[in-house]
Amino acid sequence: MKSMEKIVSLCKRRGFLFQSSEIYGGVQGFWDYGPLGVELKRNLKDAWWSDMLTSHNELVTSANTPSTYEMVGLDSTIIMHPQVWKCSGHYDLFHDHMIDCRESKRRYRFDQVRGRWVEYRDKKIFVATMAEAAEEADDVRRRAMKFFKLRNKDADKITLGTESITLDRLDSTTDVLGPDAKNLDTLTEPREFNLMFKTTLGALGGEDDVTFLRPETAQGIFVNFKNVLDSSRVRVPFGIGQVGKSFRNEITPRNFTFRSREFEQMEIEFFCHPDQSQDWYRFWRDRRLAWYTSLGLSSDSLIMREHHTEELAHYSIGTADIEYAFPFLPEGEYGELEGIAHRGDFDLRSHMEGKLDPKTPKGQRMEVELGEDGKPKHRGSGKDLSYRDELTGERYIPHVIEPSAGADRGALAFLCEAYSEDEAPDEKGNMQTRTVMKLNPRLAPIKAAVFPLVKKDGMPEVAKDIYGELKKHMNVFYDEKGAVGRRYRRQDEAGTPYCITIDTESLNEKTVTIRDRDSLQQSRVRIDDLVAEITERIESH
RNA sequence: GCGGGUGUAGUUCAAUGGUAGAACAUCAGCUUCCCAAGCUGAAUACGAGGGUUCGAUUCCCUUCACCCGCUCCA
């Protein structure tokens, strides 16, 4: 049986994941990777970097690729100029104002609570609701009737306001009936919840020097767009990839490492001609999904979820999430591993002209958002971030496709997928439950373990030589203690795909056995061929 | 942030207002020629702070963390 408790307990026991600052009681939303975990996560990031960037061949068009394309990397800083976050939209968006209901104990986003004024005789109240737009008027009427203690036949005695307005347009909440409340005036004042971690530049920094730890790595790419163009001779279409830490002050971290406050992203910003952006969007969606299955996530546990139009962020023409059926979720529910977003030209234009207005009606060209003084609310850099096609002479602002993956979520998904229990015989031939982490060999923290079958007759010496040779090529583990069966099982829990055993035959014939983690089959190879054989097996996955 | 539950060894669990046990895991030694064997020995725990008490792991309060449900997830 695969259960989250067993996976969490194995992660702790074997050194994949620990709670941060555990000896002091821990901190919510922060997790440390242990000796095995750090290898797993690094292998995952390396696989991403290699598969997406360094091993991509920009000279050939592969299947389903609209054209050839180039890929380069970047490593930008966590702390950036404060204006970056104002133009990116995070500054405005992350300063959510929340209100609590004293009666229902629920919390709402201030600007998301809608409602209508309702009049009955001399009394006028504002009935708030979280109902969908279609049911909103019905819900308001029903709850207003209940509040005024009216029967259905008196429905026409109350008057509903024609306009649905959000709570932040009201002057006070005194006459407001909360979305889940039965009495008036139960809502607290709106309070700011800053989802970005604030910090100060300089030892004597004041309010003007406040900036933030990045909540996404993407902006570091956008602000370096021109630098990359000017320095690397890449041409559109091309992508810039980056792996790095991001920080979000989540209100409710939950579900092991799934929603952490400090996490690592693997992001690509792919720049293309606006006319081809839909093709590239589809290409990256499929390409990224295939990547997860190629490393071992079962396609039964993965879904591609296209966002509905109303769910899309203001800049996005289309967004799809790659989601995984994590064991901590209810049956049939999935958690996000990666989002692939079509961001249009929102980011580059915002960093050029100033933050664009998210309230621009859909379908219209976005305009710079203006402040009360009629000037741009957040000034852009003023730098020209457009691209000129040398062949056609056309100058345009590229559109952006953003495949944005969570490295920690990926690592967690692969851990969950890998966990399995099967039956293996013990020394006496009785079937015993075997816990085994069936990690793809590319991701496995330890690639191979080297065991002398017994700790005598010169076997340890031969084994140590082999260990030394393998270590030059990959992460290997040496163990000579206890029964060999136990050593196999220990490696099963660590996810080590291959165990190399040195026996009497090894001494005479210069051969060793390789035991396969999943099949338990052993095959004999010459010691001279061992490095090539193991390397071949790992790379064939 | 709300409601409910849980915090005892590395893990999974006991017991107890007065010396905290087990299993597995770990370490050392012996044994061992292929899948958690056996024998001997060892180390290791009451989340933190405060209160009540002669004495608190146990009762009370606070806090922190984890789990479940709600909320949130740009």
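In this text, all values refer to a predicted model and were calculated from it rather than measured experimentally. Hydrogens, waters and symmetry mates are skipped; everything else that's a heavy atom, side chains included, is used. Naming: A, B, ... by sequence-line order, numbering from 1 per chain.
Between A:Tyr24 and A:Glu336, the residue anchored closer to the 5' end of RNA chain B is A:Tyr24, taking for each the nucleotide with the nearest heavy atom. Both A:Arg409 and A:Phe30 sit near RNA chain B, but only A:Phe30 has its closest nucleotide nearer the 5' end.
Checked by distance alone, A:Arg515 brings a side-chain donor or acceptor within 3.5 Å of a matching partner on the base of B:C35. Between the side chain of A:Arg486 and the base of B:A36 there is no donor-acceptor pair of N/O atoms closer than 3.5 Å.
Distances shown here put every side-chain N or O of A:Lys12 at or beyond 4.0 Å from the OP1 or OP2 atom of B:G10. Using a 4.0 Å cut-off, no side-chain N or O of A:Gln28 falls inside it from OP1 or OP2 of B:C64.
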Q | Derivation of the side-chain contact (heavy atoms from CB on, under 4.5 Å) call for A:Arg261 and A:Gln28 | A | CA-CA 8 Å; A:Arg261 287 171 160 157; A:Gln28 207 183 22; 4.0 Å; yes
Q. What's the verdict on ring-ring contact (aromatic ring centres under 6.0 Å, His included) for A:Phe328 and A:Phe256, showing C-alpha distance, side-chain angles and the deciding distance?
A. CA-CA 9 Å; A:Phe328 53 76; A:Phe256 206 23; 8.5 Å; no
Q) Under a 3.5 Å cutoff on both atom distances, Watson-Crick or G-U, what's the dot-bracket for RNA chain B ([ ] crossing, | other strand)? A) (((((((..((((....[..)))).(((((.......)))))....(((((..]....))))))))))))....
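Enclosure of atom CZ in A:Arg379 is not indicated, since only 12 or fewer non-hydrogen atoms of other residues, nucleotides or ligands lie within 6.0 angstrom.
RNA chain B is contacted by A:Thr501, A:Asp503 of residues 491-503 of chain A, taking any non-hydrogen atom closer than 4.0 Å.
Salt bridge A:Asp139/A:Arg114: absent, no basic N to carboxylate O contact under 4.0 Å.
Remark: A:His399 pairs with A:His342 by the ring pair (Phe, Tyr, Trp, His ring centres under 6.0 Å) rule, at least two apart or across chains.
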